[in-house]
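This report refers to the structure that appears directly beneath it.
Lettering of chains follows the sequences in order, A, B, ..., and the numbering in each one begins at 1.
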Amino acid sequence: MYRTAAKRLLGAGLTTSRLLRSTIIPSSYTSNLCTSSMGHTEFSNQSGPTAAGEGPRRKPRPEFEEEQARVLSASLRHVARLGWTEEAMMAGSRDVGVSPSIVGSFSRKEAALVEYFMDECLQLLVDRVDSGLDLQNLIPSERISKLVRVRLEMQVPYISKWPQALSIQAHPVNVPTSFKQRAMLVDEMWHSVGDGASDLDWYVKRTVLGGVYSTTEIYMLTDDSPEYRETWEFLDDRVKDAFDLKKSIQEAKYFAQDIGAGVGKSFQGLMNGVMQTMSTRGGRSSSSF
Amino acid sequence: MALRLLSSRRRLGSIVLSYRSPLASLHSHATSFGFQQVKEEEKSKLVSNVFTNVASSYDIMNDVMSAGLHRLWKERLVGKLSPFAGMKHLDVAGGTGDVAFRIFDAVNSVKRRALRKVDEASIEETQIYVCDINPNMLNVGKQRAAERGLSDNRSLVWVEGDAEALSFDDDSMDGYTIAFGIRNVTHIEKALAEAYRVLKRGGRFLCLELSHVDIPVFKELYDLYSFQVIPNLGELIAGDRDSYQYLVESVRRFPPQERFAKMIGDAGFEKVEYENLVGGVVAIHSAIKL
């Protein structure tokens, strides 16, 4: 509901990229539980879409968060070699000119790096869409395909270490954040496609796209074809299935209703039979109770 | 760990100002020796006497008073620090070396793993400096190092010094810890300023200290334990009731978690947080210098 709700609340004047910038960035590497910044009374807040309503008057972020962001950004350059690990983060901190001790202050260390990357990719995707990724001439299923492809291509430089990132995201401690990031990603994609629905369909659409995205992501890990051609074919197939799925779900519903009616009748018949048997038996041997 | 159930983190939202002005309360710390009032100049000498007396039984008493929990607290402290190979670390008021040994172990076990991945010139010597104002405490520490076979190890360096006037260079340390020591310093803000001075950019400050309990019933139990049981234990085991009376009183006089966190922030540190362990009996304050 993020962008659609925001639009409804604040009107069309709101630039959605600014909105996302303020809501995304705090989620990943501010430790939500208890970060307190002395000497700074303003937190980068998470109060939701209303945060960035006033354009240029965005609240300044506490300095340590910027420093942490800088370290994480520098660390990404070392990920291909060192993986999503503390070593990469320490190398990144040395690049920025800060003591590697700062790595100890990240609340979930490697997870912070992965989450930062996910946020950066989402921001990049939003920027690409805003700056005119050509979607107008495509039908919805092709638009979805293109968006997923654009997003997955951002992971190509890190593909050798991406399984590690996935396993980090799957740790129970990290699941809430990674789930939220993926939910926002999927929401963003549907929104870019032009879907403004906010009824029950919303959940179905996002779940389905989430599934498509995840399976394609995993498929990409084992794909050796030049420029990941096979992955994109896989993606197109899945998207097509997903769009057919919508029809299939409707059909399945009707089918179930019919079946239910049939089963219900036969169940009732069964129960009647049972009651009759019990009453006759009971009449013959009432003393057995 | 059972501790996790009781540990809670608090946000520094609205700061509850005490009825005394901040300056007055700092001054009162400088002139308080437990619940007694003393002259500022005398306080450090009195504290020194306390620790000269308790040095030899310091570790045993810690175990008895905290039922062994102090080990878990120190583990948590070192865990939060996340030591790494090549680190320059300063442990202040760490006389008997508890924290220093733990950091040493952490680094050397991590180092072996990390060596496979570590890059070029970052295999510098890890240096852990243990600084204490009291030579007796340092001697106990050196003895323990000898027992572990570490007396010739270049990583551990035992230095006599004052937390309020450290002999180390500016911007030279990656980490600074002070475990159960800042309470005994005469001028807390000076110690904090020194910590800020010696830390590098990005360096972390970690302080483990006995702190204030607010939980209703538990607070009474804790007070009872502190004032009735501990001085008696001190007399029984260490033969020194007065030192332990000073100890429990000094805990009460030390600023509570929020105010201490504010002091840390005032010294220039960023991202000041604290974590209560055992409902507030112990608190770990952490901060970064940027």
(message) Run the side-chain hydrogen bond (donor to acceptor under 3.5 Å, both in side chains) test on B:E258 and B:Y274 for me, step by step, so that the C-alpha distance in whole Å, both residues' side-chain angles and the decisive distance to 0.1 Å come before the verdict.
(response) CA-CA 8 Å; B:E258 299 267 345; B:Y274 67 86; 2.8 Å; yes
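The side-chain heavy atoms of B:L208 and B:K74, taken from C-beta on, include a pair separated by under 4.5 Å.
Here salt bridge (Lys or Arg N to Asp or Glu O under 4.0 Å) pairs that include residues 151-172 of chain A, with residues two or more places apart or in two chains, are A:R149-A:E153. Applying the salt bridge (Lys or Arg N to Asp or Glu O under 4.0 Å) test to residues at least two apart or on different chains, the pairs with a partner in residues 214-229 of chain A are A:R182-A:E217.
By the side-chain contact (heavy atoms from CB on, under 4.5 Å) test, B:A283 is found to be paired with B:S211, B:Q257, B:N276, B:H285, residues two or more places apart in sequence or in another chain being considered.
Using non-hydrogen atoms only and a strict 4.5 Å limit, the part of residues 197-206 of chain B facing chain A consists of B:K200, B:R201, B:G202, B:G203, B:R204.
Panel note: side chain B:E194, backbone B:L166; a donor-acceptor pair is recorded below 3.5 Å.
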